[in-house]
Amino acid sequence: QVQLVESGGGLVQPGGSLRLSCTTSELALEYYAIGWFRQAPGKEREAVACISRSGDDGMHVEQSVKGRFTISRDNSKNTAYLQMNSLKPEDTALYFCATGPWYSDDGCDASEYNEWGQGTQVTVSS
């Protein structure tokens with residue numbers, strides 16, 4: 001099973017920013033759509049954002065974070081990113097990246113993503 005590695009999480013005050021990274025040494029991410037998902041304690045996993053293989057063919061950001069979060073990728077670095085600005089306490093969660101075979105403008109369906117990382121914790125608190 002492919003190991004994706006997320007990094008960049010941490011403790012941040014409300015209104016602060018973090019940039020999460022997702023990479024792996026085990027496959028070329030350029031052939032896969034990338035999705036970011038999160039799961040807060042006691043809640044179900046939810047989609048955050050996803051991006052097409054090239055990044056040029058589309059990206060989708062969920063309404064709950066739209067305008068605050070940006071997804072991007074640099075295939076030359078085999079890395080995807082989630083820039084999170086204006087963080088709120090309700091953004092506190094374990095954030096995961098995952099690879100999928102295709103991207104859809106309709107949204108980021110976790111069931112279509114096959115390889116997952118272990119997650120990086122984001123805590124927004126004063």
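The figures that follow rest on heavy atoms only: side chains count, while hydrogens, waters and symmetry mates do not.
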Which residues pass the ring-ring contact (aromatic ring centres under 6.0 Å, His included) test with Y113, not counting sequence neighbours?
F37

Please identify each residue that fulfils side-chain contact (heavy atoms from CB on, under 4.5 Å) with Q39, with sequence neighbours left out.
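Partners of Q39 under the side-chain contact (heavy atoms from CB on, under 4.5 Å) test: R45, F96.
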
Which residues pass the side-chain contact (heavy atoms from CB on, under 4.5 Å) test with T99, sequence neighbours left out?
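Only L4, L29, Y32, I34, E115 meet the side-chain contact (heavy atoms from CB on, under 4.5 Å) criterion with T99.
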
Apply side-chain contact (heavy atoms from CB on, under 4.5 Å) to residues R38 and V65 and explain how you reach the verdict.
CA-CA 12 Å; R38 67 185 182 184; V65 301; 3.9 Å; yes

Judged by atom type as modelled, is there a donor-acceptor pair below 3.5 Å linking the side chain of [X] to the main-chain atoms of [Y]?
{"X": "T23", "Y": "N78", "answer": "yes"}
{"X": "R73", "Y": "A33", "answer": "no"}
{"X": "E26", "Y": "Q3", "answer": "yes"}

Between atom SG of C97 and atom CD1 of I71, what is the distance when rounded to the nearest 0.5 Å?
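So the gap between those two atoms works out to 9.5 Å.
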
When rounded to the nearest 0.5 angstrom, what distance separates CE in M59 from CG in D56?
7.5 Å

Sequence neighbours excluded - ring pair (Phe, Tyr, Trp, His ring centres under 6.0 Å) pairs with any residue from residues 5-29
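Pairs touching residues 5-29 that pass the test: none.
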
Inspect the surroundings of CD in Q118 and state if more than 12 heavy atoms from other residues, nucleotides or ligands are less than 6.0 Å away.
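Count not over threshold, so no.
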
Thinking salt bridges, do E30 and R53 make one under a 4.0 Å N-O criterion?
no

Side-chain donor-acceptor contacts of residues 10-22 below 3.5 Å, not counting sequence neighbours, with atom names and distances?
| from | atom 1 | to | atom 2 | distance (Å) |
| --- | --- | --- | --- | --- |
| S17 | OG | N85 | OD1 | 2.9 |

May I have all residue pairs that pass side-chain hydrogen bond (donor to acceptor under 3.5 Å, both in side chains) and include part of residues 59-72, sequence neighbours excluded?
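Qualifying pairs: H60-E62, R68-D91.
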
Report whether Y81 and Y103 are members of the same hydrophobic cluster (ILVMFWY, side-chain heavy atoms less than 4.5 Å apart, transitive linking).
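No, separate clusters.
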
For the pair E112 and W102, evaluate side-chain contact (heavy atoms from CB on, under 4.5 Å) and give the outcome as yes or no after the intermediate values.
CA-CA 8 Å; E112 297 180 349; W102 53 73; 3.1 Å; yes

Heavy-atom closest contact (A49 atom, L82 atom, distance)
CB-CD1, 4.3 Å

Side chains of S125 and T92: closer than 4.5 Å at any heavy-atom pair?
no

